[in-house]
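What follows is a single structure, written as structure tokens, with notes after it.
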Amino acid sequence: MSERDQVASSYNDTVANLGDDSVNVRISSIYALQRIMKDSPREQPAIVEVLCAYVRDKAKTPAKAKVEAAHRNVDTRPPEDVQAALKVLGSRPVGVEGERVMDLRRAYLVGADFTDGNFSDADFRGADLTFAQLRGDFEDVWFGGATLRGAVLAGGEFERSEFIGTDMANVWWDGGDFDEADLTGADLSGAMLNSPDDGAVSLSDAELSGANLTDADLTGARLDGVDRRTAVWEEAVTGD
């Protein structure tokens with residue numbers, strides 16, 4: 001059997017195991033796919049699509065009562081296999097030829113941990129990222145219509161990302177970089193800084209038309225190029 005045939009056989013067997021009833025087998029298969037990506041970069045685009053589909057399938061929005069309960073519990077986390085898939089997606093090599101946009105639209109990812117992951121150019125439109133840890137690379141990402149209430153965006157890179165109509169109330173955004181981001185109609189009410197030592201948020205040249213910044217902490221924020229006339233700034237703390 002040629003090396004190419006061996007890789008294909010391993011890939012097919014591993015993908016098949018993602019449907020196993022055992023969560024431990026599924027997690028092992030997810031990390032096996034990570035090893036295949038490393039050993040055979042040509043397989044990466046297909047593996048990324050498989051893992052994104054896996055997350056969307058395993059992280060579907062539950063019944064309304066469960067969603068409401070999760071939104072009240074800051075300790076809510078996604079299933080272990082979903083978190084493992086996100087870790088592998090975020091640590092993949094970037095710039096591989098043929099890779100498409102990571103499609104995580106409408107995924108239910110309350111409390112997910114994206115720390116240090118690279119999710120640039122991903123599509124999170126309509127996703128539930130309440131309480132998520134978004135301390136990573138999210139440049140040029142689509143977040144339109146997503147829910148990020150209480151999420152930790154501290155130190156995250158969100159340059160040129162799209163947050164149109166996104167619910168971002170009570171996020172922690174110390175040191176977050178939102179330069180040139182489109183925050184049209186976003187709800188940023190109560191956005192918080194955890195500590196002055198973590199740095200101020202940067203919103204240079206961001207679009208804030210119709211954004212709600214009521215009670216947001218913008219102490220030390222970089223706001224050059226921002227048209228303040230088009231957003232709601234009631235009780236916002238700017239340090240001016």
Side-chain angles (χ1 to χ4, degrees), residues 18-27 29-30 51-90 102-117 119 122-136 138 141-156 158 161-174 176 183 185-195 198 201 211-217 232 235:
L18 290 175
D20 197 276
D21 291 336
S22 169
V23 66
N24 291 328
V25 171
R26 298 198 300 273
I27 291 174
S29 298
I30 289 167
L51 290 178
C52 286
Y54 183 87
V55 170
R56 295 195 306 271
D57 180 63
K58 296 295 183 180
K60 293 179 179 177
T61 303
K64 182 178 180 181
K66 288 188 176 181
V67 173
E68 292 175 345
H71 286 183
R72 292 192 297 269
N73 182 5
V74 71
D75 294 321
T76 299
R77 297 290 183 270
E80 291 180 52
D81 53 337
V82 170
Q83 183 61 65
L86 293 174
K87 182 176 180 180
V88 170
L89 286 169
M102 286 191 288
D103 184 0
L104 295 167
R105 288 175 293 175
R106 294 180 292 281
Y108 181 74
L109 299 170
V110 175
D113 188 354
F114 296 86
T115 301
D116 295 328
F119 289 86
D123 191 346
F124 285 94
R125 284 177 291 183
D128 192 337
L129 296 160
T130 302
F131 302 137
Q133 297 279 334
L134 298 168
R135 301 170 180 264
F138 293 88
V141 168
W142 290 280
F143 286 105
T147 301
L148 280 73
R149 294 182 70 90
V152 179
L153 314 179
F158 302 94
S161 289
E162 184 258 287
F163 294 90
I164 296 175
T166 301
D167 184 352
M168 303 170 70
N170 301 315
V171 296
W172 297 91
W173 62 353
D174 317 53
L183 293 143
D187 182 1
L188 285 155
S189 58
M192 298 173 279
L193 295 175
N194 184 48
S195 168
D198 293 330
V201 65
N212 181 7
L213 289 144
T214 302
D215 294 320
D217 191 342
V232 179
E235 301 299 324

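Here, residue 1 is the first one in the sequence, and each next residue gets the next number.
Distance OG1/T166 to CZ/F124: 12.0 Å, rounded to 0.5 Å. For the atom pair CZ (R105) and CZ (R56), the distance works out to 7.0 Å, reported to the nearest 0.5 Å. Atom OH of Y54 is separated from atom CG of L86 by 11.0 Å, given to the nearest 0.5 angstrom. Distance check, rounded to the nearest 0.5 Å: CG of N212 to CE of M168 gives 12.0 Å. Taken from CG in D174 to CG in L193, the straight-line distance is 5.0 Å, to the nearest 0.5 Å. The CG atom of L89 lies 9.0 Å from the CD1 atom of I30; values are rounded to the nearest 0.5 Å.
In this structure, D116 places its CG atom where only 12 or fewer heavy-atom neighbours from other residues, nucleotides or ligands lie under 6.0 Å away.
Among all heavy-atom pairs drawn from V110 and F131, the shortest one is CG1-CD1, 4.3 Å. Nearest heavy-atom pair, L18 versus S29, reported as atom, atom and distance to 0.1 Å: CD2-CB, 3.9 Å. Closest approach of A107 to V55, counting heavy atoms only: CB-CG1, 4.4 Å. Of all non-hydrogen atoms in A84 and I27, the two that sit nearest each other are CB-CG2, 4.3 Å. When all heavy atoms of D113 and Q133 are compared, the pair lying nearest together is OD1-CB, 3.6 Å.
Between S189 and D215, the closest side-chain pair of non-hydrogen atoms is not below 4.5 Å. Here the side chains of L109 and F114 are in contact, with some heavy-atom distance below 4.5 Å. Residues H71 and D128 meet the side-chain proximity criterion, which asks for heavy atoms closer than 4.5 Å.
For S22 and N24, the side-chain atoms include no donor-acceptor pair closer than 3.5 Å.
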Hey, can you pull the donor-acceptor pairs under 3.5 Å for the side chains in residues 142-156, sequence neighbours left out?
unit_1 : atom_1 : unit_2 : atom_2 : d
R149   : NH1    : D167   : OD1    : 3.2
R149   : NH1    : D167   : OD2    : 3.2

Result block: side-chain N/O donor-acceptor pairs under 3.5 angstrom for residues 57-70, not counting sequence neighbours:
none

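Applying the salt bridge (Lys or Arg N to Asp or Glu O under 4.0 Å) test to pairs two or more places apart or on separate chains, those with a residue in residues 76-85 are R26-D81.
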